[in-house]
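Inspection log for the structure reproduced underneath, given as structure tokens.
Just so you know, ligand 1 is whichever comes first in the structure, and atom 1 is the first atom listed for that ligand.
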Amino acid sequence: MSFQNNLFLTSSDSDKKAYVEMMEATVRAIAASMTDEQAYAGMPPYDLRAAVRTDELLPAEGCGFEAVLEEIKAKILPNLVRPASTNYMAHLHSAALVESVAAELIIATFNQSMDSWDQAPVATEIEVEVIRNLCRMYGYDENSDGVFTSGGSQSNLSGLLLARDWFCNEKLHYDIKKHGLPENFRKLRMYASEISHFSMEKSAHLMGMGYEAVVKVPVNSAMQMDVEALKKLIEKDIADGNLPFCIAATVGTTDFGSIDPLKELRELCDRYGMWLHADAAYGSGVVLSRKYACRVAGLALADSITVDFHKMFLLPISCSASLIKDKRNFDALTIHADYLNREEDEEDGYINLVNKSMQTTRRFDALKVWVSFKMRGADGWSDLITGCIDNAAYFYSRLAENPDVEVITAPEISSVVFRVLPKNGSTEDGDTMNKRVRRELLHHHGVVIGQTVCNGNVCLKFTLLNPLQSHAKLDELLDLILQLSFK
Ligand SMILES: *Cc1c(COP(=O)(O)O)cnc(C)c1O
């Protein structure tokens, strides 16, 4: 087949034909590349780097789409990791539901930009509707609002920025947006557990306060923020003249899926005049499980919530939202420009979403949520999420009964962290053995699992986001891991 070099999809018959042919050929190549169940074909980094090295990225004369597609088929498709494989469970990185891939095609083809209404009329109205429904789903009332973002890191930055500006406005009567940081900014303090996501520190840096503004709170044996320790840290800071402005709870820690006690944290925030941010990048998906939603019911207590749709919700990257209980706080991110978001627009009913956003040009990611929620409904979604959490409970029970394995904590969501214990008299220490097993799985068995450190020991991690995962497969993987450990 030879492809035309048409530029865009327009109303012309020639453009339509070229568009359909290019999409069809691409879709066929993608489907044909799925030849086995391996999560990764295994190529090590130096070989892969050499295989994709190119000095001809911009050849003098273009080689046409057919040749490019052939190169994609040969070099790229076979070496992609396959998050849809039941051999893939390394990170909070999911496969993309097929209907959301169809939605991506619409998003990319029409390339709406969500900053102003005139660049995205119906897309703006759909995002507004999706956000309104999401706020309701997490227990917020009509004073709430939200915006789609590029991911959990940006949603956290957005929530923490609003928290800090709210605190300075309300308690110090000082407007950071206009004047920059106050003179005593080194006294600002936010609290997050010692196993919170590193976007807490990154946000503190980006906000001009630095890592030292983030007080790390110890966790208990269930990997949840220790409320008593937190209370002492806050009281000490107040006694020292510091300014505690926010508790950042993690609802689903990256490694363990543990959930900080939101009710107790809310009480502390109320007592000391602080903002409660909930980083639910991982745990936000639990709300859809009829069986387990109660575990995240406390999200309604937070002043801001980070929701990630490209983790448990199985939607393509990027897809995330930042929800805010009192929408007036979005004022911190609003700035008017004559060329984009005129104040008179809003008076006439044109919503310019850039007023709530750190990004300007922004994707129509809300469509993926809209498509997928409508298509599967609450029943369909509940089954998907419940299945993953049940799988984690099952795998944990298998590990807990095995004397060759140490488990860290019972999963509240769908991550299980464990380490294989070296046999008496083994020449290999536990850290070396567990690291070796993970690398061997990656390069020789097409299995991609996670690795982390807990209590100073290297541990292995299964992050179970794939509803296709089965108990039988988990048993098989455990057998393989034990076999590689003791070979
Ligand atoms: C993944 C994760 C983030 C970051 O989200 P991105 O979408 O990767 O930017 C933040 N917090 C927690 C707890 C996470 O697991």
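- At a heavy-atom distance under 4.0 Å, only side-chain atoms of Asn156, from C-beta outward, approach ligand 1.
- Between His93 and Tyr88, the distance separating the two ring centers is shorter than 6.0 angstrom.
- Annotation for ligand 1: atoms under 4.0 Å from non-hydrogen atoms of Leu92 are 15 (O).
- Each of Ser320, Ser322, Ser150 was compared with Ser155 under the side-chain hydrogen bond (donor to acceptor under 3.5 Å, both in side chains) criterion, and only Ser320 meets it.
- Residue contacts with ligand 1, taken as heavy atom pairs separated by less than 4.0 Å, involve Ala281 solely via side-chain atoms from C-beta onward.
- The cationic group of Arg49 lies under 6.0 Å from the six-membered ring centre of Tyr46 and within 45° of the ring axis, placing it in a cation-pi geometry.
- Put simply, no part of Thr253 is less than 4.0 Å from ligand 1, judged by heavy atoms.
- Using a 4.5 Å heavy-atom threshold, the side chains of Thr253 and Tyr282 count as separate.
- Distances below 4.0 Å separate heavy atoms of Gly151 from the following atoms of ligand 1: 7 (O), 9 (O).
- For atom 4 (C) of ligand 1, the closest non-hydrogen atom on the protein side is His197 CE1, 3.4 Å.
- Checking Val98, Leu314, Leu315 one by one against Ser372, the side chain to side chain contact (heavy atoms under 4.5 Å, CB included) holds for a single residue, Leu315.
- Near Gly252, the atoms of ligand 1 lying under 4.0 angstrom from a non-hydrogen atom of the residue are 13 (C).
- Side-chain atoms of Leu333 and Met358, non-hydrogen and from C-beta on, do get closer than 4.5 Å to each other.
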Quick one, Lys374 with Glu99, criterion salt bridge (Lys or Arg N to Asp or Glu O under 4.0 Å). Give me CA distance, side-chain angles, the key distance, then yes/no. CA-CA 11 Å; Lys374 284 203 179 256; Glu99 71 273 17; over 6 Å; no
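- You'll find the ring centres of Phe395 and Phe418 inside the 6.0 Å limit.
- Ligand 1 has an N or O atom lying under 3.5 Å from an N or O atom of Asp279, backbone or side chain.
- Of the polar atoms of Tyr282, none of the N or O atoms is found under 3.5 Å from an N or O of ligand 1, judged by distance alone.
- Residue contact check: Asp308 has heavy atoms under 4.0 Å from atoms 5 (O), 6 (P), 7 (O) of ligand 1.
- The contact set between ligand 1 and Gly152, taken as ligand atoms under 4.0 Å from a residue heavy atom, comprises 4 (C), 5 (O), 6 (P), 7 (O), 9 (O).
- Distances shorter than 4.0 angstrom occur between a heavy atom of Lys311 and an atom of ligand 1.
- The proximity of His310 to ligand 1, defined as any non-hydrogen pair under 4.0 Å, is limited to the side chain.
- In summary, of the residues considered (Leu460, Leu421, Ile481, Leu482), a side chain to side chain contact (heavy atoms under 4.5 Å, CB included) with Val405 occurs for Leu482 alone.
- Near Thr254, with a cut-off below 4.0 Å to any heavy atom, the atoms of ligand 1 are 12 (C), 13 (C), 14 (C), 15 (O).
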